[in-house]
Amino acid sequence: MVNTLIGDLGHYSVIIAFVTALVSSFSFSFAANGNALDAEQASWKKLARGAFFVHVVAVFGIIFCLFNIIYEHRYEYHYAWSHSSNHLPVHYMISCFWEGQEGSFLLWIFWHALLGLVLIKYAGKKWESPVMAVFSFVQLFLTSMILGVVIGDLKIGSSPFILMRDFMTDAPVFQMDPNFVPKDGTGLNPLLQNYWMVIHPPVLFLGFAATLVPFAFAIAGLWKKEFSSWTKPALPWGLFAAVVLGIGIMMGAYWAYETLNFGGYWNWDPVENAVYIPWLVLVGAIHTLLAYRKSRTALRATFILYISSFLLVLYATFLTRSGILGNASVHSFTDLGLSGQLFTYLAAFFVLAIGLLVYRWKKIPVTEKEIATYSGEFWVFVGAAVLCLGAFQVLVTTSIPVYNSFMGFIGVKTNVALPADQIAHYTKFQMWMGIAIAILSGTGQLLWWRKQNSGAKLSEVFILPLILTALFTSLILLLSKMDYLERIDNPSYILLLATSLYAVFSNLTILFGVLRKNVSIAGGAVAHIGVALMLLGILFSSGYSNIISTNMSGMVYAREFGDEINRDNVLLWRNAATDMGPYKVTYKGQFLEVKDVPDYVNKQRLIRIDDEFKAIARGPLKDGEKVLFTAGDTVEIYPENTYYEVEFKNRETEKVFTLYPRAQANPQMGLLASPDVKMFGTHDLYTHVSATPPENEEKEWSELKEFQVKIGDTIFINDYVAVLHSIEPAKDTLLLNLGAGDIAVQANMQVLGERHTYHAHPIYAIRDRMVGQVPEEIEDLGMRILLMNINPEKGIMTIGINTTQKDYIILKAMEKPFISILWIGTLVMSLGFVMAIVRHYKDGKGNTKAVTSKVSVKREKQLA
């Protein structure tokens with residue numbers, strides 16, 4: 001039955017959220033334009049706060065309604081049907097929430113609502129109204145994206161609460177029965193069925209939302225002509241936005257590392273770039289703001305960069321959700337008919353923000369003092385410029401589809417194409433940005449430290465970091481002929497190594513000095529150490545990744561695979577050990593996930609039935625010694641993914657470990673392979689399946705060989721030995737649908753393989769006076785066994801055996817040296833940002849108290 005109540009409640013909540021955002025925006029604007037002591041301003045602020053509080057309640061109402069239709073499997077709603085299914089665990093239902101465009105916009109709206117509440121409480125009387133006016137105005141536009149209102153030919157937003165019958169109006173099933181409800185949904189994209197996709201999007205969207213706060217302070221400063229005082233409360237928010245957005249980006253990188261099979265964590269995909277660009281600009285804005293706080297320079301640059309960072313977030317939204325990257329990115333959204341609205345959204349804020357900046361430009365104070373090249377502020381400013389240049393380079397290339405689309409819109413045909421090798425293209429430029437950043441972060445910090453130490457000699461400040469850099473760079477180069485660094489002869493790689501080490505040692509020198517004086521100011525040094533470690537991790541893991549699965553057989557697996565698969569992959573026959581790098585590698589079989597069983601279960605221990613999400617256990621399924629299911633129990637399985645057990649044995653140390661790379665034969669997307677990674681102290685072993693036998697292809701069996709045997713007899717077939725132990729009543733008869741008078745028996749046989757002994761139970765059945773056989777297939781051995789006939793008088797059984805090509809996989813494996821340094825660097829950088837946030841928040845809080853005290857004194861004088 002169609003449940004329209006929850007959808008109507010959700011849709012009305014969207015309308016309320018939209019209207020209250022409008023009321024809140026106008027009311028805060030009027031409050032901001034009034035005098036701080038006016039009663040009228042107080043009433044406008046009271047109305048604005050009330051409207052915003054109602055807006056927050058409405059947002060929570062939308063979230064409740066949308067999750068309800070997903071969790072309760074209300075497939076009468078298109079959003080639930082297109083993103084969820086009956087068999088998804090709850091945590092993946094959460095991923096369904098933001099898989100679609102409407103859900104991702106709602107997640108963004110949710111974070112803005114919470115941040116707005118924080119600002120109302122802590123922004124202070126001076127900044128609350130102008131900042132919240134900007135905040136509410138942004139919320140107005142965002143809620144319009146999920147409004148789902150159609151006026152004539154004008155569509156405003158896309159509602160997540162639209163019914164299937166309204167979305168697919170021409171579908172015959174809804175024309176015959178408007179109340180038809182599908183029994184199941186299409187399910188979640190298999191690549192998103194990963195725990196990182198439960199936590200990565202919320203963190204990333206919190207970063208997006210947080211960029212609005214310093215932007216709102218900057219606009220408020222221009223609006224109220226408070227050109228410098230906004231910087232103090234904006235700084236900790238800028239740091240917060242940078243650390244959260246940075247963590248979100250790296251979570252996405254780790255998800256790609258764990259889930260995608262392109263061989264790493266960053267592919268320079270346009271959607272990845274669209275997030276990376278505003279983060280670089282935001283970090284540049286933080287640095288120019290710090291320079292302004294120290295030397296009263298670069299205020300105009302700070303305005304430009306904070307405003308640009310938010311506008312670039314909006315541009316990233318346009319890129320990923322307008323459908324313009326449909327042919328350029330593997331994970332952008334398709335166009336829902338909202339590209340015009342998205343462009344209007346972007347253009348409105350671009351015109352308003354840039355227009356206000358231009359209007360106030362001449363009034364923004366500038367200093368006439370020249371910055372000395374040996375001052376820390378100069379190098380900080382240069383560093384910000386380098387970050388912005390790096391962002392600009394990525395922006396220009398990423399925007400090629402936008403350029404082509406715009407030129408086509410005005411009637412000019414262009415054929416500008418994205419680089420054929422995007423990784424090489426971007427790396428060529430971004431590597432030099434990394435080198436420059438490493439040099440500048442070390443030099444700028446050392447010059448700042450020199451200033452803190454009353455102008456110590458330059459030689460005293462720089463000598464120790466330079467000596468340590470030279471020493472460790474030389475040491476690594478001397479050891480470069482060892483395991484993982486055999487190719488460290490690329491000059492640019494050597495330079496990146498040296499400059500990254502320089503940044504580490506420079507900031508370590510400062511850190512040890514700061515710890516003796518005031519640990520609260522160590523955040524910058526810690527963050528820069530983290531960035532330098534990240535550069536080292538990127539250098540080693542990407543620049544010196546070593547493929548160990550090189551095809552040494554001299555044969556081409558298949559011409560349609562292409563050169564890369566034929567060259568960089570190894571063919572593994574099931575249960576046949578193969579040399580690969582330092583390992584003996586054995587592919588041991590196919591496994592499935594079974595609900596409530598912690599380990600993967602071999603497919604041969606399960607009998608598949610008509611319901612693809614269920615199977616029957618052939619024998620006991622255990623967790624250690626605890627029996628979870630016994631033979632004959634029906635278990636729930638997750639059939640989408642097959643896990644391939646691959647055993648690695650180090651030929652020198654004899655140590656053994658097992659990996660389970662997974663793959664899914666998806667009808668729309670082909671083979672979706674996800675890697676499995678073994679982490680060592682000095683490197684990761686990264687493996688993924690490149691090809692498997694076609695799942696639906698009929699196997700070619702050899703001619704059936706028949707054997708006349710008695711109980712206890714032995715059968716020799718190829719390299720295997722089979723023994724018939726007994727004939728017994730059949731146990732797995734569920735699929736036979738036996739009736740009264742029908743019988744079924746099975747042979748109890750053992751087959752001795754190379755490594756294992758297999759139990760086979762081919763069935764001989766008589767149903768409705770007709771004879772039938774159910775063969776037993778042993779995939780490990782490429783063997784099928786039939787119980788063809790039984791002669792009870794003579795005690796002779798006829799066993800039929802035929803064989804086929806054994807199961808195989810084609811596997812790629814590579815070693816990624818010192819990649820753990822990248823993840824450690826991310827954590828260290830984040831810690832440094834958090835330390836800086838705490839420090840600057842305390843500074844701002846102290847300053848706010850002082851300002852509040854002055855205002856109180858002024859008010860007392862006026863009242864007197």
Side-chain angles (χ1 to χ4, degrees), residues 1-11 13-14 59-111 113-114 146 148 158-164 167 181-206 248 251-252 254-255 258-259 331 333-334 336 592-598 611-614 635-641 662 664 666 668-669 672 674:
M1 182 177 177
V2 176
N3 182 332
T4 58
L5 176 62
I6 193 71
D8 290 341
L9 181 60
H11 186 62
S13 296
V14 175
V59 169
F60 276 92
I62 304 168
I63 292 170
F64 168 79
C65 293
L66 183 56
F67 189 73
N68 180 268
I69 68 172
I70 294 172
Y71 183 77
E72 298 294 341
H73 306 303
R74 303 188 190 279
Y75 298 126
E76 59 265 42
Y77 292 94
H78 181 260
Y79 198 91
W81 175 81
S82 59
H83 299 294
S84 183
S85 67
N86 294 335
H87 303 280
L88 282 177
V90 174
H91 56 285
Y92 289 156
M93 291 184 192
I94 297 173
S95 295
C96 294
F97 183 93
W98 43 71
E99 185 193 20
Q101 288 211 44
E102 300 91 342
S104 61
F105 275 118
L106 183 53
L107 180 60
W108 198 355
I109 292 167
F110 165 75
W111 284 126
L114 291 188
I146 59 171
S158 176
S159 173
F161 302 107
I162 188 170
L163 292 168
M164 288 282 289
F167 188 86
V181 177
K183 292 183 179 180
D184 201 356
T186 58
L188 182 68
N189 185 321
L191 295 178
L192 302 183
Q193 294 180 31
N194 181 285
Y195 62 96
W196 281 108
M197 292 312 292
V198 179
I199 57 177
H200 157 59
V203 174
L204 191 66
F205 275 92
L206 175 57
M251 280 183 172
Y254 197 83
W255 163 76
E258 270 200 348
T259 307
H331 58 288
F333 290 95
T334 56
L336 292 179
L592 290 175
E593 273 187 284
V594 176
K595 187 177 180 180
D596 300 325
V597 178
D611 187 341
E612 64 174 331
F613 291 94
K614 292 182 180 179
V635 297
E636 293 185 45
I637 63 174
Y638 301 102
E640 298 98 335
N641 295 306
R662 67 170 177 159
Q664 175 185 142
N666 189 283
Q668 287 78 37
M669 306 170 71
L672 297 177
S674 293

From [X] [atom1] over to [Y] [atom2], what is the distance, rounded to the nearest 0.5 angstrom?
{"X": "Ser13", "Y": "Asp8", "atom1": "OG", "atom2": "CG", "answer": "10.5 Å"}
{"X": "Ile69", "Y": "Glu76", "atom1": "CD1", "atom2": "CD", "answer": "8.5 Å"}
{"X": "His73", "Y": "His87", "atom1": "NE2", "atom2": "NE2", "answer": "8.5 Å"}
{"X": "Glu102", "Y": "Ser159", "atom1": "CD", "atom2": "OG", "answer": "7.5 Å"}
{"X": "Leu9", "Y": "Asn3", "atom1": "CG", "atom2": "CG", "answer": "10.5 Å"}
{"X": "Leu107", "Y": "Leu206", "atom1": "CG", "atom2": "CG", "answer": "9.0 Å"}

Looking only at atom types and distance, does a side-chain atom of [X] sit under 3.5 Å from a main-chain N or O of [Y], one as donor and one as acceptor?
{"X": "Tyr77", "Y": "Gly7", "result": "yes"}
{"X": "Thr186", "Y": "Trp81", "result": "yes"}
{"X": "Gln193", "Y": "Tyr92", "result": "no"}
{"X": "Tyr79", "Y": "Gly100", "result": "yes"}
{"X": "Trp111", "Y": "Pro202", "result": "yes"}
{"X": "Tyr195", "Y": "His91", "result": "no"}

Applying ring-ring contact (aromatic ring centres under 6.0 Å, His included), can you list everything that pairs with [X], at least two apart in sequence or on another chain?
{"X": "Tyr638", "value": "none"}
{"X": "Phe64", "value": "none"}
{"X": "Phe60", "value": "Phe110"}

Minimal non-hydrogen separation, [X] against [Y], with atom names:
{"X": "Ile199", "Y": "Met251", "answer": "O-SD, 4.1 Å"}
{"X": "Tyr71", "Y": "Met93", "answer": "CD1-SD, 3.6 Å"}
{"X": "Gly187", "Y": "Ser85", "answer": "CA-CB, 3.7 Å"}
{"X": "Ser95", "Y": "Leu188", "answer": "CB-CD2, 4.0 Å"}

- Message: Would you say that more than 12 heavy atoms from the other residues, nucleotides or ligands in this model lie under 6.0 Å from the CZ of Phe613, or not?
- Response: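 Counting other residues, nucleotides and ligands, CZ of Phe613 exceeds 12 neighbours.
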Please identify each residue that fulfils side-chain hydrogen bond (donor to acceptor under 3.5 Å, both in side chains) with [X], with sequence neighbours left out.
{"X": "Thr259", "result": "Asn194, Trp255"}
{"X": "His83", "result": "Glu99"}
{"X": "His78", "result": "none"}

Would you say that [X] contacts [Y] through its side chain, given a criterion of any heavy-atom pair below 4.5 Å between the two side chains?
{"X": "Ile146", "Y": "Ile109", "result": "yes"}
{"X": "Cys96", "Y": "Leu88", "result": "yes"}
{"X": "Pro182", "Y": "Met164", "result": "yes"}

- Message: Run Val597 and Val635 through side-chain contact (heavy atoms from CB on, under 4.5 Å) and show every step you take.
- Response: CA-CA 10 Å; Val597 178; Val635 297; over 6 Å; no
- Exercise: do Tyr75 and Asn86 side chains pair donor with acceptor under 3.5 Å: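 A pair is found: one side chain offers a donor N or O, the other an acceptor, under 3.5 Å apart.
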- Mind running side-chain contact (heavy atoms from CB on, under 4.5 Å) on Leu106 and Trp98 for me, showing each step along the way? CA-CA 8 Å; Leu106 183 53; Trp98 43 71; over 6 Å; no
- Query: Stepwise, does the side-chain contact (heavy atoms from CB on, under 4.5 Å) test hold for Phe161 with Ile6?
  - Reply: CA-CA 9 Å; Phe161 302 107; Ile6 193 71; over 6 Å; no
- Message: Apply side-chain contact (heavy atoms from CB on, under 4.5 Å) to residues Glu612 and Glu640 and explain how you reach the verdict.
- Response: CA-CA 9 Å; Glu612 64 174 331; Glu640 298 98 335; over 6 Å; no
